[in-house]
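In this chain, residues are counted from 1 in sequence order.
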Amino acid sequence: MSKHYRVPLLLAIAATAAFLVAPAVSYAQSAPAAAPAKNLKDVAPIPGVAKLTLTNPVGDSIHILPTVAHAAARQRAMDAVGYSDIGPLLYHAGGSIMTPNIQFYIIYWIPAHLQTGAATSMSLGYRAVQTNLISGYGGHSLSAINTQYYQTISSRTTYINGNGSLAIGGTVVDTAAYPASGCTDSATPGNCITEAQVKAKIQSVMAAKGWTGGMNKLFLLFTSKGEGSCFDSSNAQCAYVQYCAYHGFISGSPNIVFGYIPYGNNSVCKGSQNSPNSASSPEADAASTGLSHEISEAITDPLLNAWFTASGNENGDLCAYNYGTRTYDGGLANQQWNGHFFDVQLEYSNHQNSVSAGTGCVLHGP
């Protein structure tokens, strides 16, 4: 079997800037030829290697960011069968991207208590880090990487433009009680919500606020410290054990694209990440790298049918827990957006990899 699968967790990329405005130009010359049409859920599994796209019996799918330990276990399994993946990302005919001028919506779900009766926790400092990252994402370093990716639908090709902003009135602190646990997980016993419950909360807030879906809107849900989750009631794929965050969509007219970011966990969701925001919240930085990962993947592959490798990796997966060179905040951060510091994972660039093979993980694009 040819070597075509590798998650480069330790690749370090020297970067000279982390505060770039996304260019208006596109990079069609760096894009590979279209691959046969398929969805991520249809990608054949690698023998003995856990998939990052999870699908339930009714066909709903999410794509997860694995924990550090789960990512390492997958890598060992891939090494054992001699399989590696260093890209490129392939465009799958007819697949959709998010465009144009993406609007971000934030839901901080913080009731008074967890299901077990314990108090919830999500500080103002924690929320500020996530809000600042979301507000600063559009038009800056990581979003510029996305501008090389496109969709071709009905013979019309459209590129991601790299722009985006927090929607006006698009932040909600929801204090409604968590539902009865729909799952049982080992990391947060008694406090567990399923993907179905995540989607139900997003839709209920949207209805209450009059928000509507669409391919230029991304809804991001955050839950309290101590609140866990599993994909479904089978309890086979859970937060802090298999994953740290995920993205997916709710099918409809229009579709609702969303990301779910459980509370940051420094012991399993951080890797070698620094903590430039530890003074405001020690767990905020762990959540921020999962957040940037899911934003980038949701924009380039919102319906899980556009940009991914032959073996099922999206752009964030190829660079998970790879932070590159830190040039800000005394070496603690690799990004500075609007005066705020972040240390978040790199993202994958077909364009850069085509220029210098094996260096597709970058801090800025394209």
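Of the options Asn216, Ile295, Val257, a side chain to side chain contact (heavy atoms under 4.5 Å, CB included) to Met98 is made by Val257 and by none of the others. For the side chain to side chain contact (heavy atoms under 4.5 Å, CB included) test with Thr171, the passing option among Ile134, Leu220, Leu166, Ile107 is Leu166; the others fail. Considering Tyr323, Tyr328, Trp337 in turn, Trp337 is the only one that fulfils the ring pair (Phe, Tyr, Trp, His ring centres under 6.0 Å) rule with Phe342. In summary, of the residues considered (Tyr260, Phe258, Tyr105), a ring pair (Phe, Tyr, Trp, His ring centres under 6.0 Å) with Phe219 occurs for Tyr105 alone. In summary, of the residues considered (Asn274, Asp329, Val344), a side chain to side chain contact (heavy atoms under 4.5 Å, CB included) with Asn334 occurs for Val344 alone.
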### Query
Could you walk me through whether Asp174 and Lys201 pass the side-chain contact (heavy atoms from CB on, under 4.5 Å) check?
CA-CA 10 Å; Asp174 191 312; Lys201 170 51 62 175; 3.2 Å; yes

### Query
Can His293 and Glu297 be said to form a side chain to side chain donor-acceptor pair (under 3.5 Å), step by step?
CA-CA 6 Å; His293 177 108; Glu297 290 191 340; 3.1 Å; yes

### Task
Could you please spell out the steps behind the disulfide bond (SG atoms under 2.5 Å apart) verdict for Cys192 and Cys230?
CA-CA 7 Å; Cys192 186; Cys230 296; 3.6 Å; no

### Message
Evaluate Tyr159 against Thr99 for side chain to side chain donor-acceptor pair (under 3.5 Å), listing each step before the verdict.
### Response
CA-CA 8 Å; Tyr159 282 81; Thr99 189; over 6 Å; no

### Task
Verify side chain to side chain donor-acceptor pair (under 3.5 Å) between Thr157 and Thr152, making sure each step is shown before the conclusion.
CA-CA 4 Å; Thr157 297; Thr152 301; 2.8 Å; yes

### Pair Ile62-Gln237, side-chain contact (heavy atoms from CB on, under 4.5 Å): steps then yes or no
CA-CA 11 Å; Ile62 60 171; Gln237 300 283 342; over 6 Å; no

#### Entry: Gln345/Tyr321 under side chain to side chain donor-acceptor pair (under 3.5 Å): CA gap, chis, key distance, verdict
CA-CA 6 Å; Gln345 72 157 79; Tyr321 304 113; over 6 Å; no

### Task
Please assess Asn191 against Tyr178 for the test side-chain contact (heavy atoms from CB on, under 4.5 Å), listing each intermediate value before the final yes or no.
CA-CA 9 Å; Asn191 305 308; Tyr178 289 132; over 6 Å; no

### Task
Applying side-chain contact (heavy atoms from CB on, under 4.5 Å), run through Leu124 and Tyr126 and close with a yes or a no.
CA-CA 5 Å; Leu124 289 174; Tyr126 181 98; over 6 Å; no

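Under a 3.5 Å cut-off, the side chain of Asp185 and the backbone N or O of Thr188 do form a donor-acceptor pair. Not a single donor-acceptor pair under 3.5 Å links the side chain of His113 to the backbone N or O of Pro111. A distance-only check finds a donor-acceptor pair linking the side chain of Lys217 to the backbone of Thr212 [under 3.5 Å]. Side-chain N or O atoms of Glu227 include none that pairs as donor or acceptor with a backbone N or O of Thr223 at under 3.5 Å. Judged purely by atom type and a 3.5 angstrom limit, Ser143 uses its side chain to pair as donor or acceptor with the backbone of Gly162. Formation of a donor-acceptor pair under 3.5 Å by the Ser275 side chain with backbone atoms of Pro282 is not found in this model. At least one donor-acceptor pair under 3.5 Å links the side chain of Asn235 to the backbone N or O of Ser233. Under a 3.5 Å cut-off, the side chain of Lys41 and the backbone N or O of Gly59 do form a donor-acceptor pair. Between the side chain of Gln148 and the main chain of Ile145, a donor-acceptor pair closer than 3.5 Å is present. With Gln115 contributing its side chain and Ala180 its backbone, the two residues share no donor-acceptor pair below 3.5 Å.
Grouping the Ile, Leu, Val, Met, Phe, Trp and Tyr side chains by contacts below 4.5 angstrom, directly or via other members, places Leu332 apart from Phe341. In terms of hydrophobic clustering, with Ile, Leu, Val, Met, Phe, Trp and Tyr side chains grouped at heavy-atom distances under 4.5 Å, Ile153 and Met215 are assigned to different clusters.
Annotation: side chain of Glu195 is not in contact with side chain of Ser229 (no heavy-atom distance under 4.5 Å). Between Ser96 and Gln151, the closest side-chain pair of non-hydrogen atoms falls below 4.5 Å. With a 4.5 Å cut-off on side-chain heavy atoms, Leu318 and Thr309 count as touching. Counting only heavy atoms from C-beta outward, the side chains of Val43 and Thr53 never approach each other to under 4.5 Å. Residues Thr67 and Val241 form no side-chain contact, since every pair of their non-hydrogen atoms from C-beta on lies 4.5 Å or further apart. In this structure the side chain of Cys269 never reaches within 4.5 angstrom of the side chain of Val68, judged on heavy atoms. Looking only at side-chain heavy atoms (C-beta outward), Tyr137 and Leu142 come within less than 4.5 Å of each other. In this structure, the side chains of Ile250 and Asn255 stay at 4.5 Å or more apart for every pair of heavy atoms.
Gly190 approaches Ser181 most closely through the heavy-atom pair O-OG, 2.8 Å. The two residues Pro179 and Trp109 come nearest to each other via the heavy atoms CD-CH2, 3.5 Å.
We find the CG-NZ distance between Leu40 and Lys51 to be 8.0 Å, quoted to the nearest 0.5 Å. The distance from atom CD of Glu314 to atom OH of Tyr348, rounded to the nearest 0.5 Å, is 14.5 Å. Considering CG of Asp301 and NE2 of His63, their distance stands at 7.5 Å, rounded to 0.5 Å. Rounding to the nearest 0.5 Å gives a distance of 6.0 Å between CG of Leu133 and OG of Ser292. Summarising the geometry, atom CG belonging to Asp285 is positioned 11.5 Å from atom CG belonging to Leu291; distances are rounded to the nearest 0.5 Å. Here CG of Leu346 is found 11.5 Å from CD of Gln352. Values are rounded to the nearest 0.5 Å.
For Gln203, there are no side chain to side chain donor-acceptor pair (under 3.5 Å) partners at least two apart in sequence or on another chain. Taking the ring-ring contact (aromatic ring centres under 6.0 Å, His included) definition, one finds that Phe231 meets it with nothing, sequence neighbours left out. Residues satisfying the ring-ring contact (aromatic ring centres under 6.0 Å, His included) criterion with Tyr243, sequence neighbours excluded, are Tyr246. Partners of Arg326 under the salt bridge (Lys or Arg N to Asp or Glu O under 4.0 Å) rule, at least two apart in sequence or in another chain, are Asp343. By the salt bridge (Lys or Arg N to Asp or Glu O under 4.0 Å) test, Asp232 is found to be paired with no residue, residues two or more places apart in sequence or in another chain being considered. For Tyr149, the ring-ring contact (aromatic ring centres under 6.0 Å, His included) test picks out Trp307, with sequence neighbours left out.
Looking at Gln335 and Ser141, their side chains do bring a donor and an acceptor atom within 3.5 Å of each other.
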